[in-house]
J.: 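Sharing a structure here in structure tokens format.
Just so you know, these numbers use all the heavy atoms, side chains as well, and skip hydrogens, waters and symmetry mates. If you read the sequence from its start, that first residue is 1, and numbering goes on from there. As the structure lists them, so they are numbered: ligands from 1, and atoms in each ligand from 1. Since the model is a prediction, treat every value here as computed from it, not as a measurement.
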Amino acid sequence: MAAPRLVWIVSLAAVFLGGLLAALPDLSVYPVTGEIFVHELEREHFQDAFPSIHNNVEEIPSDVPITFHAHLLGYPDLPRWLRYIQRGPYETAFLYGSPTAKEKKAGRQTIEVKAYNRHTYETVKQRVIFNIGSSPDEQLPYQAEFFVRNRDVEEVLPGEAQQLFQQGVDSIWDQDDLRIINITSALDRGGRVPLPIEGRKEGVYIKVGSIYPFSDCLMATKSLDNEARCKMEQQIVLACHDRFYPVFIIDWCNITLMDLSSPSTTGPALTLGDGVLEDGSEFEPPTDAPEKTFLYDYLLTILLPLLVALLLCLFLSYIMCCRREGLDKRDMATSDIQMVHHNTIHGNTEELRHMASSREVPQPLSTLPMFNVRTGESINPMHGRYDSAHVPLILDQK
Ligand SMILES: *[C@@H]1O[C@H](CO)[C@@H](O)[C@H](O)[C@H]1NC(C)=O
Ligand SMILES: *[C@@H]1O[C@H](CO)[C@@H](O)[C@H](O)[C@H]1NC(C)=O
């Protein structure tokens with residue numbers, strides 16, 4: 001009963017240990033500054049190194065999904081100049097980038113590449129040692145950047161594709177001493193991921209450099225006439241616009257020409273303030289900060305407000321208790337009564353005055369008799385508008 005389980009555990013451990021230990025021999029590569037460098041991570045190479053492939057020779061899977069993870073040894077990520085791309089687990093992966101003089105100063109860089117078998121979860125490691133050298137002419141004075149619309153970045157990374165592109169540029173620059181300086185996915189420049197429609201590509205920027213000035217054809221892309229056409233999204237007029245067609249579709253409105261031959265273009269030199277770290281150095285926080293007394297700050301922030309609050313408190317309690325007690329209660333009561341008294345008299349007088357004055361108000365006409373019912377004699381309403389209160393009680397004695 002226990003035997004199959006034991007075998008299972010042993011084989012699991014073997015796979016586990018094998019996965020830990022499997023490693024390909026170190027590989028040295030020699031990129032040079034100012035030139036695109038591409039390292040292909042070949043799947044077949046890593047696939048053969050997976051332990052399980054050796055364990056059961058009878059059934060070698062024809063195609064294994066493999067993904068990679070690459071990082072600078074001892075660090076979680078790649079150095080800044082180096083990029084990694086793999087479109088899918090069945091595609092070739094690339095490490096690519098264009099080292100600068102700064103990277104050359106750092107010298108050797110060891111990149112650790114881990115390959116994962118997505119079926120068995122085995123891993124294989126390989127160290128790739130980048131020995132960065134310098135090219136004879138560090139910076140090519142004339143550089144042009146093309147935007148290729150119908151390619152993804154990994155499609156132009158293989159050597160043949162680069163050659164094909166270079167031939168196209170050769171023919172428009174009228175010379176054959178060009179170098180590809182940099183290749184950048186449009187996504188790294190803020191481009192958008194295209195819709196998943198057949199034939200739509202991310203696009204890629206390819207920078208080419210030369211020691212010879214730009215050809216007339218390249219200069220023509222920057223003519224006023226063509227710039228105006230680009231603004232209006234019209235077809236640009238160019239003698240050489242079909243040199244890449246149909247392999248590469250170039251956005252002729254998006255060509256950047258950089259003339260680094262005259263140093264005046266660099267502008268005023270940067271003046272760095274202090275506090276800028278030197279390359280490769282690390283920030284060291286000061287270990288012993290100078291002693292500082294916080295007594296005055298303490299007094300100011302805690303004691304002063306407390307003191308003010310205390311004073312206010314005392315003042316308020318004095319007003320609330322002592323001042324009120326000091327006022328004679330009897331005095332207060334009499335004055336209150338006097339007040340009420342006065343008000344009552346005043347109010348009553350007012351009321352009487354009002355009542356008296358309202359008697360002066362004429363009676364409404366509608367309440368007056370228009371004629372005497374018995375005599376039929378009509379009475380002038382205006383005449384009889386005195387109410388009885390105004391009729392003299394003792395009539396004129398004639
Ligand atoms: C190459 O392109 C990348 C991405 O745009 C950029 O970060 C890098 O500085 C470029 N390298 C050179 C040498 O121009
Ligand atoms: C041209 O390039 C710039 C930046 O390099 C980008 O913002 C712009 O969208 C590009 N234009 C076209 C038409 O692709």
J.: Measuring to protein heavy atoms, does anything land under 4.0 Å from atom 7 (O) of ligand 1?
T.: yes
J.: Distance to 0.1 Å, residue and atom name: give those for the protein heavy atom nearest to atom 9 (O) of ligand 1.
T.: N182 ND2, 4.6 Å
J.: Which residue, D188, L95, V153, forms the side chain to side chain contact (heavy atoms under 4.5 Å, CB included) with R83?
T.: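 That would be D188.
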J.: I'd like to know if K201 pairs up with E155 as an ion pair, taking the criterion as any Lys NZ or Arg NE/NH1/NH2 lying under 4.0 Å from an Asp or Glu carboxylate oxygen.
T.: yes
J.: Applying a heavy-atom cut-off of 4.0 Å, say which part of R83 lies close to ligand 1: side chain, backbone, both or neither.
T.: side chain
J.: Return the residue, atom name and 0.1 Å-rounded distance of the protein heavy atom closest to atom 13 (C) of ligand 1.
T.: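 Among all protein heavy atoms, the one nearest atom 13 (C) of ligand 1 is S98 OG, 3.3 Å.
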J.: If we set the cut-off at 4.0 Å for heavy atoms, which region of R80 has an atom near ligand 1: side chain, backbone, both, or neither?
T.: neither
J.: When you measure from the centre of the six-membered ring of F130, is the NZ or CZ of R108 closer than 6.0 Å and no more than 45° off the axis?
T.: no
J.: Report the member of T184, T100, I181 with the shortest heavy-atom distance to atom 4 (C) of ligand 1.
T.: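 Looking at heavy atoms only, the winner is T184.
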J.: Hey, what's the ring geometry for W81 with F37, parallel, tilted or perpendicular (30° and 60° as the breaks)?
T.: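 Tilted.
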J.: Return yes if a side-chain donor-acceptor contact under 3.5 Å exists between R118 and T67, otherwise no.
T.: yes
